[in-house]
Amino acid sequence: HRDLHSFPTRRSSDLFNTYWTERVTVKSLYIKQKFFKILDHYPITDENGETVYQVDQAFRLIGNTVHVSNAYGQHIFTIDRVVLTLLPKFIVRFADGREIRIKSNFTLFHRDIDIDPDNLGLNLSGDFWDHEFSLIQRGITVGTISKKWLTFADTYRLDIYDDSLQDVFIAVVIAVDRLIDESNNN
């Protein structure tokens, strides 16, 4: 099991940047969704096209639920859209009992999303119009999301710089995609 709290202690920026660059390896994952999202079922693949995650979205009249499993069909986490909130909010429940909340904050020119619990120090910031986002942990970029343009369905590239955050990052990307869909429908 990945421990959300087992991150290196970040002291001086010089020491951390040296440690981080020696340790970092970029892992890229790809999401290509179906054009019709009434009942959405799609894989998240690696650079070789191998399935890493399987996503199953069940839309309800109010809210939606997303079930995510690994390539072997083992449940990893569930995402539920919280209803009756002023700003969008999601609860992610991991198979090992951990839980995080993803909430959208109001800003005028870009989307800002907080990921709780606060001790993770995670925030997603980016441009909803260009579909370019960075997952930031205590001031350091630990992942990026970019949308491929001129494709029939939504296609995203995820670059993950910290493997320990991979499941959290996937949950955040799915929630952001739902936020984009909601804002496009309004």
Exercise for the section: Kindly give the heavy-atom pair with the smallest separation between Tyr42 and Lys32, and that separation in Å. Expected result: CB-O, 3.7 Å
Handout entry: Check: Asp162 side chain, Ser164 main-chain N or O, donor-acceptor pair, under 3.5 Å
Key = yes
Practice task
For residues Asp46 and Leu29, determine if any side-chain heavy atom of one lies less than 4.5 Å from a side-chain heavy atom of the other.
Solution key: yes
Handout entry: Residue pair Gln54 / Pro43, side-chain heavy-atom distance below 4.5 Å
Key = yes
Handout entry: Flag side-chain contact, heavy atom, 4.5 Å: Phe77 against Ile170
Key = yes
Handout entry: Hphob cluster co-occupancy, Ile76 + Ile31, side-chain heavy atoms under 4.5 angstrom
Key = yes
Practice task
Kindly compute the distance separating CD1 (Ile100) from CD1 (Ile79), expressed to the nearest 0.5 Å.
Solution key: 8.0 Å
Exercise for the section: Would you check if the side chain of Glu99 reaches a backbone N or O of Ile91 as a donor-acceptor pair within less than 3.5 Å? Expected result: no
Problem - Val68-Val52 co-clustered via ILVMFWY side chain contacts under 4.5 Å - result: yes
Handout entry: Ser28: side chain to side chain donor-acceptor pair (under 3.5 Å) partners, not counting sequence neighbours
Key = Arg157, Asp159
Completion exercise
So CZ of Arg93 and OG1 of Thr78: to nearest 0.5 Å the spacing works out to 8.0 Å
Exercise for the section: I would like to know whether Gln166 and Tyr53 meet side chain to side chain donor-acceptor pair (under 3.5 Å); could you show each step before the answer? Expected result: CA-CA 11 Å; Gln166 182 171 305; Tyr53 294 94; 3.0 Å; yes
Exercise for the section: Using a 4.5 Å cut-off on heavy atoms from C-beta on, say whether the side chain of Val92 contacts that of Ile174. Expected result: no
Practice task
Nearest 0.5 Å please: distance from the CD1 atom of Ile102 over to the CZ atom of Arg81.
Solution key: 12.0 Å
Completion exercise
One should read off an interatomic distance between Tyr161 OH and Phe169 CZ, to the nearest 0.5 angstrom, of 8.5 Å
Practice task
State, yes or no, whether a side-chain contact exists between Val168 and Phe94 at a heavy-atom distance under 4.5 Å.
Solution key: yes
Handout entry: Spacing of Leu122 atom CG and Arg138 atom CZ [to the nearest 0.5 Å]
Key = 7.5 Å
Fill in the blank from the handout: What one should report as the nearest heavy-atom pair of Gln137 and Leu120 is NE2-O, 3.0 Å
Handout entry: Cluster check Ile145, Tyr30: I/L/V/M/F/W/Y, side chain < 4.5 angstrom
Key = no
Practice task
Output the distance between atom CZ (Arg101) and atom CD1 (Ile115), rounded to the nearest 0.5 Å.
Solution key: 14.0 Å
